[in-house]
Amino acid sequence: MPHLVYISIVGVDRVPLGYYKIKHEVEDLVENAGVPWTILRATQFHDLVATMLGQLAKAPVVVVPDGLLDQPVDVREVARRLADLARQEPQGRVPDLGGPQVLTVAELARTYLTATGRRRPVWSVPLVLRATPFRDNGHLAREHAVGRTTFAEWVQQRTGSPAA
């Protein structure tokens with residue numbers, strides 16, 4: 001049956017960021033549009049994490065919030081899941097899709113730096129809890145860590161260098 005398949009983000013209903021709020025509003029529009037639908041929420045893509053770390057790595061010291069967690073997923077795995085969902089009957093909101101590992105941003109930064117051949121110290125600084133919308137880890141999908149490609153594997157595929 002033809003239907004709308006929409007990609008969203010894990011935590012759009014829990015993380016108080018403007019972009020997340022808009023994604024959640026679009027989910028509401030899809031649900032109430034009067035057409036059959038399926039919504040998949042995914043964690044952050046490896047590409048986004050690498051882009052952000054690349055920006056941080058321009059400085060002589062990579063400063064990251066202490067204890068901040070992320071669960072990146074390979075965009076190709078999300079695309080395969082979306083394609084599978086498009087071939088099926090409408091399912092409403094399906095289980096989230098998260099990357100295979102929950103890691104600190106410091107761990108992700110060290111992996112990125114190693115794979116890209118950059119030598120920078122990584123400093124984890126205390127996080128003022130009110131300063132981050134991710135403080136409650138509402139952007140994670142630990143119970144749906146079904147992605148297979150780790151961030152280290154993804155970076156190694158992109159750079160040809162070992163990530164750890």
Side-chain angles (χ1 to χ4, degrees), residues 6-28 30 39-82 93-164:
Y6 180 70
I7 178 69
S8 194
I9 308 168
V10 171
V12 294
D13 54 341
R14 298 183 300 267
V15 176
L17 280 177
Y19 183 67
Y20 279 47
K21 289 177 184 177
I22 291 169
K23 290 291 279 186
H24 194 232
E25 288 173 12
V26 174
E27 284 186 7
D28 289 340
V30 169
I39 295 175
L40 171 67
R41 291 180 181 174
T43 55
Q44 301 300 320
F45 298 151
H46 292 312
D47 306 76
L48 176 64
V49 172
T51 297
M52 292 179 359
L53 292 173
Q55 292 299 314
L56 291 173
K58 289 180 180 181
V61 174
V62 177
V63 179
V64 298
D66 187 37
L68 184 62
L69 301 174
D70 205 1
Q71 186 181 5
V73 66
D74 191 324
V75 68
R76 297 168 295 187
E77 294 171 347
V78 177
R80 280 192 290 275
R81 179 71 176 123
L82 287 169
R93 195 144 154 257
V94 297
D96 297 343
L97 195 162
Q101 297 175 306
V102 174
L103 300 169
T104 66
V105 175
E107 291 170 317
L108 292 164
R110 287 186 190 94
T111 297
Y112 176 82
L113 292 168
T114 300
T116 57
R118 296 179 180 166
R119 299 173 140 279
R120 307 266 192 290
V122 176
W123 290 353
S124 294
V125 297
L127 180 67
V128 176
L129 289 181
R130 290 181 304 182
T132 176
F134 299 104
R135 71 180 180 271
D136 296 325
N137 296 318
H139 63 295
L140 303 177
R142 292 177 193 264
E143 65 282 1
H144 299 288
V146 297
R148 295 179 184 249
T149 305
T150 66
F151 184 70
E153 292 166 340
W154 181 87
V155 173
Q156 184 174 0
Q157 290 169 6
R158 293 295 184 274
T159 64
S161 300

Non-hydrogen atoms of [X] and [Y] that approach each other most closely:
X: Ala115; Y: Thr159; answer: O-OG1, 3.3 Å
X: Leu53; Y: Leu108; answer: CD1-O, 3.6 Å
X: Ala109; Y: Val64; answer: CB-CG1, 4.5 Å
X: Ser124; Y: Ala106; answer: OG-CB, 3.5 Å
X: Trp154; Y: Thr149; answer: N-CG2, 3.9 Å
X: Val15; Y: Gly138; answer: CG2-C, 4.0 Å

Just verifying a value: how many Å separate [X] [atom1] and [Y] [atom2], rounded to the nearest 0.5 Å?
X: Arg41; Y: Tyr6; atom1: CZ; atom2: OH; value: 10.0 Å
X: Lys58; Y: Leu56; atom1: NZ; atom2: CG; value: 10.5 Å
X: Ile39; Y: Glu27; atom1: CD1; atom2: CD; value: 4.5 Å
X: Glu25; Y: Asp28; atom1: CD; atom2: CG; value: 7.5 Å
X: Asp74; Y: Phe45; atom1: CG; atom2: CZ; value: 9.5 Å

Residue set satisfying side chain to side chain donor-acceptor pair (under 3.5 Å) with Asp66, at least two apart, ordered chain then number -> none
With sequence neighbours left out, the residues meeting side chain to side chain donor-acceptor pair (under 3.5 Å) with Arg14 are none
For [X], run the side chain to side chain contact (heavy atoms under 4.5 Å, CB included) check against [options] and tell me which one passes.
X: Val73; options: Glu77, Gln71, Arg76; result: Glu77
X: His144; options: Val10, Asp96, Val94; result: Asp96
X: His139; options: Leu17, Ile9, Asp70; result: Asp70

Practice problem: For atom CZ of Arg148, decide whether the heavy atoms of other residues, nucleotides or ligands shown that lie under 6.0 angstrom number more than 12. | Solution: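 No, CZ of Arg148 has 12 or fewer neighbouring heavy atoms, counting only those of other groups under 6.0 Å.
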Is a side-chain N or O of [X] found less than 3.5 angstrom from the main chain of [Y], in a donor-acceptor match?
X: Gln44; Y: Pro72; answer: no
X: Arg120; Y: Ala57; answer: yes
X: Lys23; Y: Ile7; answer: yes
X: Thr43; Y: Gly99; answer: yes

Under a 4.0 Å N-O cut-off, is there an ion pair linking Asp13 with Arg93?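 No salt bridge links Asp13 with Arg93.
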